[in-house]
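Beneath this line is the structure, given in structure tokens, with notes to follow.
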Amino acid sequence: MLHRIKAHDSRLILWLSILTFFSVMNETMFNVSLPDIAAYYDILPSAANWINTCFSLSFAIGIVVYGKISEHTGMKKLLLFGMLIYGFGSIAGLLGHTWYPGVLIARFLQGVGASAVPSLIMVIIVKMVAPDKQGRAFGLIGSVVAFGEGIGPVIGGAISGYIHWSLLFALPLLSLLALPFVLRTMPDETSERKPFDTAGAALLSVGILSFALFMTLYHWIYLAASLVLFGLLARHFRRQQEPFLEPSLFRKKRYMAGVLTGALLLGTIAGFFAMIPYLMRAVYHMPTGLIGSAILFPGTLSVILFGMLGGMLADRRGHTAAMLSGLGMIAAGFLIVLFYTDRAPWLIASSVILTFGGLSFVKTVISASVATTLEPEEAGSGMGMLNFACFLAEGIGIASVGGLLTKPWLHSPLITAITNQAAALYSNITLIFMALVSLGGLLFILSYKRKRH
């Protein structure tokens, strides 16, 4: 067990927050550059989006793997291993950027390494922060995560627009400078060594990959393969004494509702943000650097404010009030793109501000709500599965948008206010996003409305 962190040791959370910032920033740093990357390799958006999907999928799988292993192995060793893999993937991508498959491999390795940080910090908060203070703690981390995700496209746009997108692989190497300070401030720990369910992890990983391929290419063979693999995984869990995922968690209805809500909402919003650079390029012919600085950067600033406000609102007024506030902001942002896709760039920037702000509220509420359903001994597996589901959904959301952008049936305007033919595609996809967010909000309210926390 880890020793409880004292107040004066909050510098550990600070250093972990720095590593978290760099790890999640890398998830979105390539977003704004995807049109440039598609042109560089002469590939479709559905293929270019796999630059981010590879990172998101390995990041999601890594989240739950590290969360599970943290129950049996020292966190310092896990963190050191993850950061070294992260650095190796960054160097590999920087040196091998001219080969598209090599870039995909490098992004996959980056995700494997970077996922160690948010996985471990979530476990620390659940185990060491009082329940009535967890809203603020998750709000702080949520702000760091959302700010990292928000500033990523801004930095990515500047580097890609004025230098070259391949140098985005060099920036994560700066995070290694903080690693010695993190290891020095981490508390002492002991662990109980148990065997790790490698077969379960492999079945889950390949099943997820197959499903992501289906959501991108829409070939039914991938869906069939994923269903077979998930069936084998369920059978494996029934026979395994120490399964990769904790079966008891699946019997917690409120916990599973929170996880599904988080996956649905965060996956949808990730798809929305992945769509914005393509929208600005196709409708407004805006260069990469300007998309990052003028469209995405204002949204990043809103994250700083709304992240902490979301945590305070969740602690004082309850999770439902905070969730409804976040959903209201996201809905307003989506409505702007839905009806005014082709009117003016500043309207799209306003949509991004509202959506980023709402995202900060949603992330805080999901983390705090799910945490209340877990016992202390379930923290590693429970929060690991939550992070796994959310990051997995984000990867699938990004991949799905890449596929939707290539579908001819979405080019016919469904909203009569849209007169620009190029804008109709993005308005129609936003309509799909609206439906998914409404479904996620309804699921949360029905599951958590009876209790304040």
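Without hydrogens or angle criteria, Thr355 side chain to Val352 main chain gives no donor-acceptor distance under 3.5 Å. A distance-only check finds a donor-acceptor pair linking the side chain of Lys252 to the backbone of Thr373 [under 3.5 Å]. Judged by distance alone, with hydrogens and angles left aside, the side-chain atoms of Ser351 form no donor-acceptor pair with the main-chain N or O of Leu347 at under 3.5 Å. Between the side chain of Gln421 and the backbone N or O of His411 there is at least one donor-acceptor pair closer than 3.5 Å. Ser369 places no side-chain N or O within donor-acceptor distance of the main-chain N or O of Ile366, the cut-off being under 3.5 Å.
Looking at Asp36 and Thr288, their side chains do bring a donor and an acceptor atom within 3.5 Å of each other. There is no side-chain donor-acceptor pair under 3.5 Å between Ser226 and Ser210.
Scanning both residues, Leu94 and Ala170, for their nearest heavy atoms gives CD2-CB, 4.2 Å. Residues Ser58 and Gly111 approach most closely at OG-CA, 3.2 Å, considering heavy atoms. Here the shortest heavy-atom pairing between Ala282 and Ala422 reads O-CB, 4.3 Å. Closest of all the heavy-atom pairs between Pro345 and Met286 is CB-CE, 3.9 Å. Considering every non-hydrogen atom in both Tyr100 and Ala48, the closest pair reads OH-N, 4.3 Å. For the residue pair Val437 and Leu265, the shortest heavy atom distance occurs at O-CD2, 3.6 Å.
Expressed to the nearest 0.5 Å, how far OH of Tyr426 lies from CG of Asn420 amounts to 10.5 Å. The CH2 atom of Trp165 sits 12.0 Å away from the CE atom of Met29 when rounded to the nearest 0.5 Å. Considering CZ of Phe361 and NZ of Lys363, their distance stands at 14.5 Å, rounded to 0.5 Å. Separating the CE atom in Met83 from the CG atom in Leu173 is a distance of 9.5 Å, to the nearest 0.5 Å. If you take CD1 on Ile43 and CG on Asn49, they are separated by 9.0 Å, rounding to the nearest 0.5 Å. Interatomic distance, Ile330 CD1 to Leu335 CG, rounded to the nearest 0.5 Å: 12.0 Å.
Residue Leu227 places its CG atom among more than 12 non-hydrogen atoms of other residues, nucleotides or ligands, all under 6.0 Å distant. Heavy atoms from other residues, nucleotides or ligands lying under 6.0 Å from OH of Tyr340 number 12 at most. Few gaps surround CZ on Phe230; more than 12 heavy atoms of other groups in view lie less than 6.0 Å from it.
Within the 4.5 Å cutoff, no side-chain heavy atoms of Leu84 are placed close to those of Phe88. Residues Leu168 and Leu171 are not in side-chain contact: their nearest non-hydrogen atoms beyond the backbone lie 4.5 Å or more apart. Side chains of Val259 and Tyr255 form a contact here, defined as non-hydrogen atoms less than 4.5 Å apart. Residues Val103 and Phe30 form no side-chain contact, since every pair of their non-hydrogen atoms from C-beta on lies 4.5 Å or further apart. Annotation: side chain of Phe169 is in contact with side chain of Arg107 (closest heavy-atom distance under 4.5 Å). Residues Phe59 and Glu394 are not in side-chain contact: their nearest non-hydrogen atoms beyond the backbone lie 4.5 Å or more apart. In this structure the side chain of Phe433 never reaches within 4.5 angstrom of the side chain of Ile269, judged on heavy atoms. When side chains are defined from C-beta on, Ile445 does not count as touching Met323, because their heavy atoms never get closer than 4.5 Å.
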Exercise. Just do the side-chain contact (heavy atoms from CB on, under 4.5 Å) check on Ile295 and Ile276 with the steps written out, would you?
Key: CA-CA 9 Å; Ile295 304 301; Ile276 293 297; 4.0 Å; yes

Quiz item: Between Thr53 and Leu57, does a side-chain contact (heavy atoms from CB on, under 4.5 Å) hold up when you go through it step by step?
Solution: CA-CA 6 Å; Thr53 300; Leu57 291 181; 3.8 Å; yes

Exercise. Begin from the C-alpha positions of Gln110 and Ser90 and carry the test side-chain contact (heavy atoms from CB on, under 4.5 Å) through to its verdict.
Key: CA-CA 6 Å; Gln110 281 188 322; Ser90 300; 2.9 Å; yes

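A tilted orientation is assigned to the rings of His97 and Tyr40, their planes being inclined by 30° to 60°.
Between Tyr86 and Phe81, the ring center distance fails the sub-6.0 Å criterion. Taking the six-membered ring wherever Trp is involved, the centroid distance between the rings of Phe55 and Phe108 does not fall below 6.0 Å.
With Ser427 as reference, Ile415 is the one residue of Leu410, Leu414, Ile415 to meet the side chain to side chain contact (heavy atoms under 4.5 Å, CB included) rule. Checked options Asp342, Thr430, Leu405, Val337; the residue passing with Leu279 is Val337 (criterion: side chain to side chain contact (heavy atoms under 4.5 Å, CB included)).
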